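Before any comments, here is the structure.
Computed from a predicted model, the values in this text were never measured in an experiment. Start at 1 and go down the list; that is how both ligands and their atoms are numbered.
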Amino acid sequence: MSRKIYFAGSIRAGREDADLYARLIEQLRQYGKVLTEHVGNSSVEKEEKDMSEKEIHDRDMEWLNESDYLVAEVTQPSLGVGYEIGRAINLKKTVLCLFRPQTGKRLSAMIRGAENESTFIVKDYKESEAQTIFKEFFKEEL
Ligand SMILES: O=c1[nH]c(=O)n([C@H]2C[C@H](O)[C@@H](COP(=O)(O)O)O2)cc1CO
């Protein structure tokens, strides 16, 4: 059975990390089908310009519903990503949040404080550690 992975990353809250999202999505492809590849696409906002806000929201909620995992890059704080994380918890998805402390940012307590060592994992990381983190995360989730 192929896993379905919903990748979440900032769009309107700032695209500074968009290239990193694309590289993480590329790595995640080894572990399953990534339903939200557009999050790493530099022209996402242009491509979705003909969609209404409701169409974007409803499409993403459908993808979240059918996914097994939510992987969120949470360094760039985003309302949309925070919302997706909350909805994923409600839907009983397994969640992995990735945060880069080297940026000097501080992760919200509402994310870090939700860690439970099984279905909600928060990892401080550097990009060079992502592959190892994914390997461990998906091994434990076999
Ligand atoms: O155009 C969009 N397409 C889209 O899929 N999203 C979803 C996926 C991202 O993980 C998340 C980003 O939210 P925000 O735009 O608030 O940073 O919301 C968000 C937007 C714009 O808010």
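- Residue E45 does not touch ligand 1, judged by heavy-atom distances below 4.0 Å.
- In this structure, the ring of Y69 has its center less than 6.0 angstrom from the ring center of F138.
- The protein heavy atom nearest to atom 5 (O) of ligand 1 is D60 OD2, 2.5 Å.
- With respect to R100 and E127, no salt bridge is recorded, no charged nitrogen being found less than 4.0 Å from a carboxylate O.
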Item checked: Stepwise ring pair (Phe, Tyr, Trp, His ring centres under 6.0 Å) check, H38 with F7 -> CA-CA 9 Å; H38 67 287; F7 180 86; 9.8 Å; no
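- Of all protein heavy atoms, the one closest to atom 21 (C) of ligand 1 is R12 NE, 3.3 Å.
- Between E26 and R23 no salt bridge is recorded (no basic side-chain N to carboxylate O distance below 4.0 Å).
- Considering G9, A72, A13 only, the shortest heavy-atom separation from atom 12 (C) of ligand 1 involves G9.
- Using a 4.0 angstrom heavy-atom cutoff, E53 does not count as in contact with ligand 1.
- The protein heavy-atom contact nearest to atom 3 (N) of ligand 1 is E48 OE1, 2.8 Å.
- For the pair T103/P101, no side-chain contact is recorded, criterion being any heavy-atom separation below 4.5 Å from C-beta on.
- If you number the atoms of ligand 1 from 1 as listed, the ones under 4.0 Å from a heavy atom of I56 come out as 1 (O), 2 (C), 3 (N), 4 (C).
- Remark: minimum distance from atom 17 (O) of ligand 1 to any protein heavy atom is reached at S78 OG, 2.7 Å.
- Between H57 and Y83, the angle of the ring planes lies from 30° to 60°, which puts this pair in the tilted group.
- Not a single N or O atom of Y6, backbone or side chain, sits closer than 3.5 Å to an N or O atom of ligand 1.
- Here R12 pairs with E53 in a salt bridge; the nearest charged N to carboxylate O distance falls below 4.0 Å.
- Atoms of ligand 1 found under 4.0 Å from any heavy atom of S10, numbered from 1 in the order shown, are 17 (O).
- No part of M51 comes within 4.0 Å of ligand 1, judged by heavy-atom distances.
- Residue, atom and distance of the protein heavy atom nearest to atom 10 (O) of ligand 1 are E84 OE1, 2.7 Å.
- At a threshold of 4.5 Å between non-hydrogen side-chain atoms, the residues V74 and V81 count as touching.
- Interface atoms of ligand 1 facing A8, defined by a heavy-atom separation under 4.0 Å, are 10 (O).
- Between G80 and ligand 1, at least one pair of N/O atoms sits closer than 3.5 Å.
- Using a 4.0 Å cut-off between a side-chain N of Lys or Arg and a carboxylate O of Asp or Glu, E129 and K126 qualify as a salt bridge.
- At under 3.5 Å, a nitrogen or oxygen of I11, whether backbone or side chain, sits near a nitrogen or oxygen of ligand 1.
- Near H38, the atoms of ligand 1 lying under 4.0 angstrom from a non-hydrogen atom of the residue are 4 (C), 5 (O).
- Salt bridge annotation for K92-D68: absent, with no cationic side-chain nitrogen under 4.0 angstrom from a carboxylate oxygen.
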